[in-house]
Amino acid sequence: MKNIVYYVACSLDGFITGKNEDVSQFIYQSKGVDKYLEDLKKYKTVIMGRKTYEFGYRFGIKEGQPSYDNMEHFIFSDNLFFKEKAPNVHIRKLEVDAIEKLKKESKTDIYLCGGGMLAGWLFENEKIDILKVKLNPIILGKGVRLFGDSKKEIKLKLMNTEVYDDGLQIMTFKIKY
């Protein structure tokens, strides 16, 4: 069974976006970001929620098209529909069985692409295996939390830390449910 890897940019105070989904304070160009982009090449499956998928429209993603050409996309939503979509874009209802099936059938570990609500649901259902945080040296104060509204308490095992000159850190944790 493959791992679900939540690989996400986060502020020091635990937000993946600021107020009004603002991400302008996050570091977008650095050796750490280059590492993240290189890491994404190894994934063949990506999962995300509707809001995260639609957030990509701001960055040029077209409706029904993949955010990452090299990955099968599974967008979890009860109300997202496309007139036309690429063959590697799939819409699924958020159910534990659907997640379990993906974990069994994916050729690689699964990239969880943001979305505090989806991450919170997966976390509550103990489906996220690895947390990779691109910790940005910023404090946002408001926004979307790393695990949405989840209040679950959990211990993590630090597996690796990479520190970059601009203050960005990539920290890899194993989640111990």
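Starting from 1, each residue takes its place in the sequence as its number.
Counting heavy atoms from C-beta outward, N79 and R50 have side chains that approach closer than 4.5 Å. Between V96 and W121 the shortest side-chain heavy-atom distance falls below 4.5 Å. Using a 4.5 Å heavy-atom cutoff, the side chains of D165 and K31 are not in contact.
Of all heavy-atom pairs between T45 and S106, the closest is OG1-OG, 2.9 Å. Across all non-hydrogen atoms, the minimal contact from V8 to L146 is CG1-CD1, 3.5 Å. In terms of heavy atoms, N88 sits closest to D69 at ND2-O, 3.7 Å. Nearest heavy-atom pair across L168 and S30 is CD2-OG, 3.7 Å. Contact detail for T108 and K42: the closest heavy-atom pair is CG2-O, 3.5 Å. Residues K41 and K44 approach most closely at O-NZ, 4.5 Å, considering heavy atoms.
N136 places a side-chain N or O within 3.5 Å of a backbone atom of I27 that can act as its donor or acceptor partner. Y164 places no side-chain N or O within 3.5 Å of a backbone atom of I170 that could act as its donor or acceptor partner. Not a single donor-acceptor pair under 3.5 Å links the side chain of S150 to the backbone N or O of E124. Of the possible polar contacts, none joining the Y6 side chain to the F147 backbone as a donor-acceptor pair under 3.5 Å is found. D78 contributes no side-chain N or O that, together with a main-chain N or O of K93, makes up a donor-acceptor pair within less than 3.5 Å. Without hydrogens or angle criteria, H73 side chain to S67 main chain gives a donor-acceptor distance under 3.5 Å. Of the possible donor and acceptor atoms, none in the side chain of N20 sits under 3.5 Å from a partner among the backbone N and O of D22. Side chain of D13 to backbone of L140: a donor-acceptor contact under 3.5 angstrom is found.
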Derivation of the side chain to side chain contact (heavy atoms under 4.5 Å, CB included) call for Q29 and D166
CA-CA 10 Å; Q29 293 183 326; D166 54 10; over 6 Å; no
CA sep, side-chain torsions, deciding dist, call: I130, K174, side chain to side chain contact (heavy atoms under 4.5 Å, CB included)
CA-CA 5 Å; I130 306 288; K174 175 75 176 156; 3.8 Å; yes
Derivation of the side chain to side chain contact (heavy atoms under 4.5 Å, CB included) call for F123 and L131:
CA-CA 10 Å; F123 187 59; L131 173 62; over 6 Å; no
Check the pair L40 / M71 against side chain to side chain contact (heavy atoms under 4.5 Å, CB included), numbers first and verdict last.
CA-CA 9 Å; L40 289 186; M71 298 182 209; 4.2 Å; yes
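In K85, the NZ atom is crowded: over 12 heavy atoms of neighbouring residues, nucleotides or ligands sit closer than 6.0 Å. More than 12 heavy atoms of other shown residues, nucleotides or ligands fall within 6.0 angstrom of atom CG in N160.
For the atom pair I138 CD1 and L12 CG, the distance stands at 7.5 Å (nearest 0.5 Å). To the nearest 0.5 Å, atom CZ of residue F76 and atom NE2 of residue H90 are 10.5 Å apart. Atom OH of Y68 is separated from atom CD1 of I61 by 8.0 Å, given to the nearest 0.5 angstrom. For the atom pair NZ (K103) and CD1 (I4), the distance works out to 5.0 Å, reported to the nearest 0.5 Å. To the nearest 0.5 Å, atom CE of residue M117 and atom CZ of residue R145 are 15.5 Å apart. In this structure, the separation between NZ on K127 and CG on L112 is 14.0 Å, given to the nearest 0.5 Å.
In this structure, Y7 and Y111 have perpendicular ring planes: the angle between them is above 60°, well past the 30° mark. Under the 30°/60° scheme for interplanar angles, the aromatic rings of Y57 and Y53 are found to stand perpendicular.
Following chains of ILVMFWY side-chain contacts shorter than 4.5 Å, one cannot reach I110 starting from M1, and the two form parts of different hydrophobic clusters. V5 and I154 fall into different hydrophobic clusters, where Ile, Leu, Val, Met, Phe, Trp and Tyr residues are linked whenever their side-chain heavy atoms come under 4.5 Å apart, directly or through other members. Residues L135 and F26 fall into different hydrophobic clusters, defined by Ile, Leu, Val, Met, Phe, Trp and Tyr side chains chained together at heavy-atom separations under 4.5 Å. Cluster annotation: L94 and M48 are assigned to distinct hydrophobic clusters (Ile/Leu/Val/Met/Phe/Trp/Tyr, side-chain heavy-atom contacts under 4.5 Å, transitive). Linking ILVMFWY side-chain heavy atoms closer than 4.5 Å, directly or via other members, places F74 and F82 in two distinct hydrophobic clusters.
A salt bridge links E21 with R58: the closest approach of a Lys/Arg side-chain nitrogen to an acidic carboxylate oxygen falls below 4.0 angstrom. A salt bridge links D39 with K35: the closest approach of a Lys/Arg side-chain nitrogen to an acidic carboxylate oxygen falls below 4.0 angstrom. Salt-bridge formation is detected for the pair E126/K152: a Lys NZ or Arg NE/NH1/NH2 atom is positioned less than 4.0 Å from an Asp or Glu carboxylate oxygen.
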